[in-house]
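In this text the structure is predicted, and so the values were computed from the model without any measurement. All chains are named by letter (A, B, ...) in the order of the sequence lines, taking the proteins before the strands, and each is independently numbered beginning at 1.
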There are 2 protein chains.
Amino acid sequence: MQAVTTTATTFDADRVFAALADGTRRDIVRRAMAGEQGIVELSAHYPMSFAAVQKHIAVLERAGLVTKARVGRRKVVRTNVEAIRMAQRLLDRYEQLWRDRIGRMSALLDAPGTDITGTDATEDMHR
Amino acid sequence: MQAVTTTATTFDADRVFAALADGTRRDIVRRAMAGEQGIVELSAHYPMSFAAVQKHIAVLERAGLVTKARVGRRKVVRTNVEAIRMAQRLLDRYEQLWRDRIGRMSALLDAPGTDITGTDATEDMHR
DNA sequence: GCTAGATACAACCATATGGTTGTATCCATG
DNA sequence: CATGGATACAACCATATGGTTGTATCTAGC
């Protein structure tokens with residue numbers, strides 16, 4: 001039972017979402033998710049210079065979405081699925097807020113006598 | 001049973017992720033998910049001009065994450081939870097690719113006699 | 001220890017982004 | 001129907017981003 005590399009990911013939402021906001025980078029993530037990819041091989045798929053692909057990979061790396069590792073004389077790109085999961089959890093939280101609100105609305109409709117005052121929705125959650 | 005407004009969202013992943021790559025905009029989404037928000041009230045929360053907040057809302061709107069609607073003399077910002085869900089699904093697909101790969105690896109370990117040739121992982125899915 | 005393949009990085013350019021201020025438009029209400 | 005509160009939008013600036021080319025470094029293998 002080989003220990004799965006616990007990459008203790010720190011999540012920078014700005015960097016992660018910005019990294020995902022580019023089709024080329026999403027395609028790199030997709031390919032690397034399906035199996036680790038060499039950098040030269042990756043760059044062959046895109047209509048841009050090798051250096052440009054390197055930069056895209058660097059952006060993904062800074063966001064914590066991928067890591068690079070030496071394999072012989074080259075380097076391969078591996079994904080960090082944890083970063084994707086953290087992004088998912090963030091979106092889940094937003095969706096949950098929405099769900100909660102819909103829940104409150106239904107509750108009000110079901111119990112028309114309930115006092116509404118005090119349901120100030122603008123409490124500070126922040127961060 | 002009131003019909004939920006089916007906003008038939010078209011998903012532009014670039015715009016959606018770019019819109020989410022900013023703390024102020026994520027906070028606006030968060031607040032609006034919990035309950036529709038007036039623009040003036042929103043802008044009071046952030047250390048920037050009213051016009052800057054307007055621009056952020058415009059970015060969210062172009063990404064399809066929020067809509068604006070008149071209410072009396074002002075406008076309110078409402079979220080489009082479908083856009084969030086589509087982003088989630090995209091991330092789900094990436095995670096699934098990873099899961100599939102792990103599954104294939106386990107399968108190979110469990111059945112050591114299997115022929116591996118032909119498992120070229122670089123097939124074109126694109127988009 | 002040279003050499004060539006692979007990767008890294010710097011300098012540069014064009015355009016996009018996030019902020020500002022100022023002005024114009026819209027609309028509920030006296 | 002004039003007014004003022006609320007929103008929209010244009011012009012401008014600084015910095016970030018996505019691409020290029022060119023040069024430097026690293027490493028496996030002869």
Engineer: Find the distance F17(A):CZ to dA16(D):P and express it as a whole number of Å.
Structural biologist: 22 Å
Engineer: Nearest nucleotide by nearest heavy atom, which residue falls closer to the 5' end of DNA chain D, D22(A) or R73(A)?
Structural biologist: D22(A)
Engineer: Describe the nucleic acid contact of A18(A) in one word from base, sugar-phosphate, nothing, applying a heavy-atom distance below 4.0 Å.
Structural biologist: nothing
Engineer: Quiz question: by atom type and distance under 3.5 Å, do the side chains of Q96(B) and D92(B) form a donor-acceptor pair?
Structural biologist: no
Engineer: Expressed as a whole number of angstroms, how long is the span from R25(B):CZ to dT17(C):P?
Structural biologist: 9 Å
Engineer: Closest to the S49(A) side chain: dG18(C), dT7(D), dT20(D)?
Structural biologist: dT20(D)
Engineer: So that I can tick it off, tell me whether R31(A) and D27(A) are bridged by a salt bridge, with the cut-off set at under 4.0 angstrom between side-chain N and carboxylate O.
Structural biologist: yes
Engineer: Could you identify which residues of residues 52-61 of chain B place a heavy atom less than 4.0 Å from some atom of DNA chain C, listed by residue number, or say none?
Structural biologist: A52(B), K55(B), H56(B)
Engineer: Between C1' on dT25(D) and NZ on K75(A), what's the gap in Å once rounded to a whole number?
Structural biologist: 11 Å
Engineer: Working to the nearest 0.5 Å, report the span between CG of L60(A) and OG1 of T24(A).
Structural biologist: 10.0 Å
Engineer: Would N80(B) and L65(B) count as a side chain to side chain contact (heavy atoms under 4.5 Å, CB included) here? Give the steps.
Structural biologist: CA-CA 5 Å; N80(B) 178 12; L65(B) 282 162; 5.9 Å; no
Engineer: What is the distance, to the nearest angstrom, from the CZ atom on R70(B) to the P atom on dA6(D)?
Structural biologist: 12 Å
Engineer: Using 30° and 60° as the class limits, which term best fits the ring planes of F17(B) and F17(A): parallel, tilted or perpendicular?
Structural biologist: parallel
Engineer: Scan G72(A) against the nucleic acid and name what it touches under 4.0 Å (heavy atoms): base, sugar-phosphate only, or nothing.
Structural biologist: sugar-phosphate
